[in-house]
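For reference, the structure discussed in these notes is given below.
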Amino acid sequence: MQAMTRPFHVRIEDLKLRDREPRNDVPPVAALTDGGKAFFLETFGCQMNDHDSEKVAGLLLSRGYQQVETPEAASLILYNTCSIREKAAQKVFSRLGEYREKQSAGKVIGVLGCVAQQEGEEIFRRAPWVNLVCGSASYRKLPEMLGQLEAGNQRVTGLDTDTDETFETEVTRRDNPWRAYLTIIEGCDKACSYCVVPFTRGPERSRASDSILREVRQLAELGYSEVQLLGQTVNSYADPTPRRMRFSELLLAVADVQGIRRVRFTTSHPSDFRPDIVEAIERQPKICDHVHLPVQSGSTRVLRAMQRTYSREEYLEKIALIRAANRPIAITTDVIVGFPGETEAEFEETLSLLDEVQYDSLFSFKYSPRPNTPSLSMNDSISEEEKSRRLAVLQDRQRGIQSAKNARLVGNRFEVLVSGKSRRDCQWSGYTTSHRMVNFASQGRELLGTYVQVRITGVTPNSLAGEHVT
Ligand code: 5AD
Ligand code: SF4
């Protein structure tokens with residue numbers, strides 16, 4: 001955390017602004033009166049951000065706001081931002097430029113999430129038409145901050161990350177009617193050298209197990225059958241109550257709630273991934289057959305430089321644990337290519353790891369230097385061109401692996417939670433417990449939200465196709 005005191009190095013040149021100096025002619029903030037309480041909320045980034053937005057929306061609805069579909073129709077425009085890679089952060093600034101036009105109509109504009117935390121008050125200086133800057137560790141104070149905005153305050157901030165609180169709301173406006181996200185641990189105490197999350201989301205805070213289970217029971221009563229437990233390092237969960245529930249015990253307790261049919265969890269950190277998690281999956285079929293276990297690199301030297309706290313061999317031991325389970329468990333991962341100093345041979349170690357593990361799917365990224373992170377001081381020596389080449393080689397290798405794996409699934413039967421309906425007649429989609437997307441044909445009239453059996457008849461590298469078995 002020492003690095004937090006260092007100045008931020010964010011590329012402001014991407015700001016699409018006509019002037020860069022503070023303006024004194026800031027138009028007055030429109031009153032967020034009962035007649036004008038309409039909000040537009042746009043979200044970028046990870047599932048944690050998606051879920052934070054669901055909670056923020058719930059909070060606003062309970063304060064008498066209405067959610068609207070366009071910024072034009074809103075009196076309050078909120079933008080929940082992501083800064084995990086530079087490109088994501090750049091988007092925020094160009095979007096703020098677009099919002100500038102809209103504020104002439106006297107709207108209140110707020111920046112939430114990771115870019116808000118990272119940039120802080122600098123956002124007011126560069127985009128003086130913004131009225132609220134609030135990082136995720138301060139969402140607990142949002143009602144207070146909204147009160148200040150409603151009272152006409154033009155500059156409201158929530159930038160404290162020094163907190164042991166989690167963000168809980170009375171009302172959450174969930175986007176998906178069947179699968180509910182539920183954050184069980186916020187922030188991150190790991191210190192991966194490339195990652196902004198410990199700076200933008202603050203230290204690790206676990207939510208009380210009784211509060212989590214209460215919410216799961218409410219979700220089941222509302223008709224949700226799938227719960228996805230969220231955290232940057234979800235399996236580092238440390239129950240703050242005297243019950244001291246382990247993560248694996250929490251998984252089992254959530255699965256025991258009447259009405260819950262599937263329990264997912266993401267993202268797991270390899271160092272905290274222990275045998276009891278696999279044992280819980282083996283014991284309880286409601287816990288999904290899927291573990292997302294980011295490896296980042298297949299080279300122990302690079303992993304050390306990334307401060308990932310495990311070696312290639314230690315990671316492979318965790319994989320062996322999962323593969324030894326009494327039912328097949330899908331494994332997915334994240335990989336970064338072109339980390340400072342990554343040699344061709346080290347990159348090839350990542351390729352050989354893909355061959356060895358045979359992931360079911362992966363997310364891959366080019367290394368992107370981020371403000372405040374320890375790796376910022378390392379020489380970002382690999383050219384953009386070379387990073388792109390490595391990314392393409394990696395993705396190509398994985399495509400081959402996935403095609404071959406998926407081809408072996410033809411003829412198998414899976415249970416699918418139906419979550420999509422195509423405009424084409426009789427075409428539906430959904431996910432298996434192993435989180436494979438399945439498109440399938442059925443004459444069924446209303447399948448959304450139901451669990452159906454599908455026989456696989458065809459595959460692509462990224463999805464399966466099949467037919468409803470009745
Ligand atoms: N550059 C590239 N990828 C990154 N990730 C996190 N930080 C960076 C960065 N600075 C990737 C990691 C992480 C995923 C969510 O984003 O792979 O697991
Ligand atoms: Fe970032 Fe590492 Fe924490 Fe994941 S575990 S959020 S990569 S610091």
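We count ligands from 1, going down the list as the structure has it; atoms in each ligand are counted the same way. One is the number of the first residue; the rest follow in order along the sequence.
Side-chain contact check for S434 and T432: at least one donor-acceptor pair (N or O, by modelled atom type) lies under 3.5 Å.
Within a 6.0 Å sphere centred on CD of E170, heavy atoms belonging to other residues, nucleotides or ligands number 12 at most. More than 12 heavy atoms of other residues, nucleotides or ligands lie within 6.0 Å of CZ in R173, so this atom counts as buried by the packing criterion.
Remark: ligand 1 atoms within the under-4.0 Å shell around heavy atoms of K366 are 1 (N), 2 (C). When each atom of ligand 1 is checked for a heavy atom of R370 under 4.0 Å away, the hits are 10 (N). Interface of H269 with ligand 2, defined as ligand atoms under 4.0 Å from a residue heavy atom, comprises 5 (S). Short contacts between ligand 2 and T233, defined as distances under 4.0 Å to a heavy atom of the residue, involve ligand atoms 5 (S). Counting atoms of ligand 2 from 1 in the listed order, those under 4.0 Å from a heavy atom of R308 are 2 (Fe), 5 (S), 7 (S).
Scanning all protein heavy atoms for the shortest distance to atom 11 (C) of ligand 1 gives R85 NH1, 3.3 Å. For atom 15 (C) of ligand 1, the closest non-hydrogen atom of the protein is D334 OD2, 3.8 Å. Nearest protein heavy-atom contact of atom 1 (N) of ligand 1 is S368 N, 3.0 Å. Nearest protein heavy-atom contact of atom 7 (N) of ligand 1 is Y194 CD1, 3.3 Å. Residue, atom and distance of the protein heavy atom nearest to atom 12 (C) of ligand 1 are Q296 OE1, 3.5 Å.
Counting only protein N, O or S atoms, the number found under 2.8 Å from atom 1 (Fe) of ligand 2 is 1.
Taking the six-membered ring where the residue is Trp, H269 and Y310 present perpendicular rings, their angle passing 60° and hence far from 30°. Note: F247 and Y237 have tilted aromatic rings, judged against thresholds of 30 and 60 degrees for the angle between ring planes.
In this structure S381 satisfies the side chain to side chain contact (heavy atoms under 4.5 Å, CB included) test together with N379, sequence neighbours excluded.
Taking a cutoff of 4.0 Å between a charged side-chain nitrogen and a carboxylate oxygen, R205 and E186 qualify as a salt bridge. E122 has a carboxylate O that lies under 4.0 Å from a charged side-chain N of R125, or vice versa, which qualifies the two as a salt bridge. Between R201 and D52 there is a salt bridge, with a side-chain nitrogen of the basic residue lying less than 4.0 Å from a carboxylate oxygen of the acidic one. Ionic pairing of R264 and D289 is not present here: no N-O contact between side-chain nitrogen and carboxylate oxygen is shorter than 4.0 angstrom.
Neither the backbone nor the side chain of T267 comes within 4.0 Å of ligand 2, counting heavy atoms alone.
Taking the side chain as every heavy atom from C-beta outward, V130 and Y79 never approach each other to under 4.5 Å.
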